[in-house]
Number of protein chains: 2
Amino acid sequence: MESSGADSASGFERVLAYLRERLLDGTLKPGERLMAERELVRQLGVSRPIVREALRALHMLGIVEIRDRIGTVVKRPDASALKDFFTLALAQQADLIDDVMEARIAIECQAVRLACERATIADFEKLQRALIRIGETIDDADTGSAADFDFHRAIVLAARSPTLAMLHESMATLLAISHRNRRLLVQRFDSMKSYLVDDHKRVFDAIVKRDPDRAEVTLRRHFAIGDEYRRRAVIGEGDRADARTAQSE
Amino acid sequence: MESSGADSASGFERVLAYLRERLLDGTLKPGERLMAERELVRQLGVSRPIVREALRALHMLGIVEIRDRIGTVVKRPDASALKDFFTLALAQQADLIDDVMEARIAIECQAVRLACERATIADFEKLQRALIRIGETIDDADTGSAADFDFHRAIVLAARSPTLAMLHESMATLLAISHRNRRLLVQRFDSMKSYLVDDHKRVFDAIVKRDPDRAEVTLRRHFAIGDEYRRRAVIGEGDRADARTAQSE
DNA sequence: ATCTTGTTCTGGTAAGACCAGTACGATGAC
DNA sequence: GTCATCGTACTGGTCTTACCAGAACAAGAT
């Protein structure tokens, strides 16, 4: 039953490699239905359970959608597929957040530069609306972190780069959680309120003035200061009198 | 065969839900071996193929490691498990090579900053070796582009960020081809040789001196100049006499 | 032309079997 | 008693066969 070509790898690996190749070389495009399971069985010389394992694996990654009694179709992958990963991974290893955060910074710093070149008036308006909302929701962790995130998302979208947007969205899923927690610190540091408002404003100004260097530096500083707040929170500092109340983090 | 509790969901979902729960509530911790497949079969009242589908799915997410003839153990997950996802996700917009390239720049510029902080002596050595190889292979497109890429990869690895490394590698897969084509231009521009050598050298120096700002600026300029060469190549320019010979790109 | 009815194809699942190594306890030699 | 050897039970990896239920589609009946 090893007639059809390359063995050496396990059956599962073989099926996966086959599908991966088709997906990479464009033979299989989003929306297209790939061959039936039994057909794959015939072509690759493996059993159906193995084929199903591979398809499920791809399904788990959001690459493919298995429609009961219809067939398996290639999906346009989106970040929501990573929800399971982030949920489980985070439960096992909380410090993953810092690592992913670094990737997010990478994406946004590049995005803000591109945004300086490519942002339209509509983008400016969207950014400004987000900016206003940040000021309005400064005292609420939930709506506040949402507003904050909208602003950052708007930057990435203004960069007009599908890839950057996709990557950012992927990170967003995970970071939404930590982002909200971070915002809870706002209650502990009065100075953080102006930090949140002013910093974003400065980034916005740099974008409007189409100054990539200043935009990036400002954004980078913004992240660094946020980190610094978090550090101080961990060691129990605060610039309000009731700082001790939430010390046990 | 539906004795053990909650049905309603598909068998696969049930197994996944069961395992997810164990993983989230801490019953299953990294390093621990979870029950044998056949045991899961008994406990959940599903067939073994289904159990295996679920385990493979978790394996695909990097949550679990399936060791042949040993058992399935919980892994400490890191973002590298998502390589397949990102590689395939990026492939579906691969018509936008320039766009992916921008994302790569984002990753590397962040990485080079982190590398300035975190690079070890061993990293310096690796970078230097790559640097030397770039000089040695300057006239060959294949080995030359490989050396070039090794240098850039070394930067990312020196950043010691699994997520950045994973993203970079995903893009590398897609960019390998265009990267090589780009290198063919070296035959057309004598000045590009010194560009390749000197630029990388300058980036290396900045890393060794642990100067993030200079490292990033230098790297950014490096990419920009590469782009400029490509632009000039497209319009048929060149600084060698036989520039016209390879005009049809 | 439309409705009905199959047949056929799809994925979803179960059950049973075999292989090839591993782990570990029992057995043997020393 | 200690240590090496050997079985055996158990593990994951795979294949095979089989059945189900719903979708698709084409052919026939109305």
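Bear in mind that the values here come from a model prediction, so they are computed numbers and not experimental data. Naming convention: chains lettered A, B, ... in sequence-line order (proteins, then strands); numbering from 1 in each chain.
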Want to settle it: does Glu13(A) or Ile70(A) sit nearer the 5' end of DNA chain D, counting the closest nucleotide to each?
Glu13(A)
Under 4.0 Å between a side-chain N/O of Ser47(B) and OP1 or OP2 of dA14(C), yes or no?
yes
With a cut-off of less than 4.0 Å, is there a side-chain N or O of Ser10(A) near OP1 or OP2 of dT14(D)?
yes
So, do Leu175(A) and Ile97(A) sit near enough that their side-chain heavy atoms are less than 4.5 Å apart?
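They are in side-chain contact.
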Give a yes or no on whether the backbone of Leu44(A) and the side-chain of Arg14(A) come within a donor-acceptor separation of less than 3.5 Å.
yes
Donor-acceptor contact present, side-chain Ser10(B) to main-chain Glu13(B), <3.5 Å:
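Yes, Ser10(B) side chain to Glu13(B) backbone: donor-acceptor pair under 3.5 Å.
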Give me the atom names and distance for the closest heavy-atom approach of Ala106(A) to Gln110(B).
CB-CB, 3.2 Å
Val51(B) to Glu37(B) - nearest heavy-atom pair and separation
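So the minimum-distance heavy-atom pair works out to CG1-O, 4.1 Å.
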Counting heavy atoms from C-beta on, name the nucleotide in dT14(D), dG21(C), dA23(C) closest to the side chain of Arg69(B).
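Taking heavy atoms from C-beta onward, the closest nucleotide is dG21(C).
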For the pair made of [atom1] in [X] and [atom2] in [N], what is the distance, rounded to whole Å?
{"X": "Asp68(B)", "N": "dC19(C)", "atom1": "CG", "atom2": "P", "answer": "16 Å"}
{"X": "Ile50(B)", "N": "dT13(C)", "atom1": "CD1", "atom2": "C1'", "answer": "5 Å"}
{"X": "Glu39(A)", "N": "dT8(C)", "atom1": "CD", "atom2": "C1'", "answer": "15 Å"}
{"X": "Arg67(B)", "N": "dT22(C)", "atom1": "CZ", "atom2": "P", "answer": "13 Å"}
{"X": "Arg14(A)", "N": "dC15(D)", "atom1": "CZ", "atom2": "P", "answer": "7 Å"}
{"X": "Leu58(B)", "N": "dG12(D)", "atom1": "CG", "atom2": "P", "answer": "14 Å"}
{"X": "Arg48(B)", "N": "dG12(D)", "atom1": "CZ", "atom2": "P", "answer": "7 Å"}
{"X": "Ile66(A)", "N": "dA21(D)", "atom1": "CD1", "atom2": "C1'", "answer": "17 Å"}

Which atom pairs, donor and acceptor, lie under 3.5 Å between side-chain atoms of residues 17-24 of chain B and protein residues at least two apart or in another chain?
{"unit_1": "Arg20(B)", "atom_1": "NH1", "unit_2": "Asp84(A)", "atom_2": "OD1", "d": "2.4"}
{"unit_1": "Arg20(B)", "atom_1": "NH1", "unit_2": "Asp84(A)", "atom_2": "OD2", "d": "3.3"}

Specify the residues of residues 28-37 of chain B, ordered by number, for which at least one heavy atom lies under 4.0 angstrom from an atom of DNA chain D.
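Close to the strand are Arg33(B), Ala36(B), Glu37(B).
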DNA chain C: stems of at least 3 consecutive Watson-Crick or G-U pairs whose donor-acceptor distances fall under 3.5 Å:
C:1-30 with D:1-30
Would you please indicate yes or no on a ring centroid separation below 6.0 angstrom for His152(A) and Phe223(A)?
yes
Distance-only side-chain donor-acceptor flag, His59(B) / Glu65(B), under 3.5 Å:
no
Which residue, Arg160(A), Arg113(A), Arg118(A), forms the salt bridge (charged side-chain N to carboxylate O under 4.0 Å, His left out) with Glu102(B)?
Arg118(A)
Under 4.0 Å, counting only non-hydrogen atoms across every strand here, what does Leu55(A) touch: a base, just sugar-phosphate, or nothing?
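Nothing: the residue Leu55(A), judged by heavy atoms under 4.0 Å, touches no strand.
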So, does the side chain of Arg38(B) form a donor-acceptor pair with the base of dG12(D) at under 3.5 Å?
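Per atom types, the contact qualifies.
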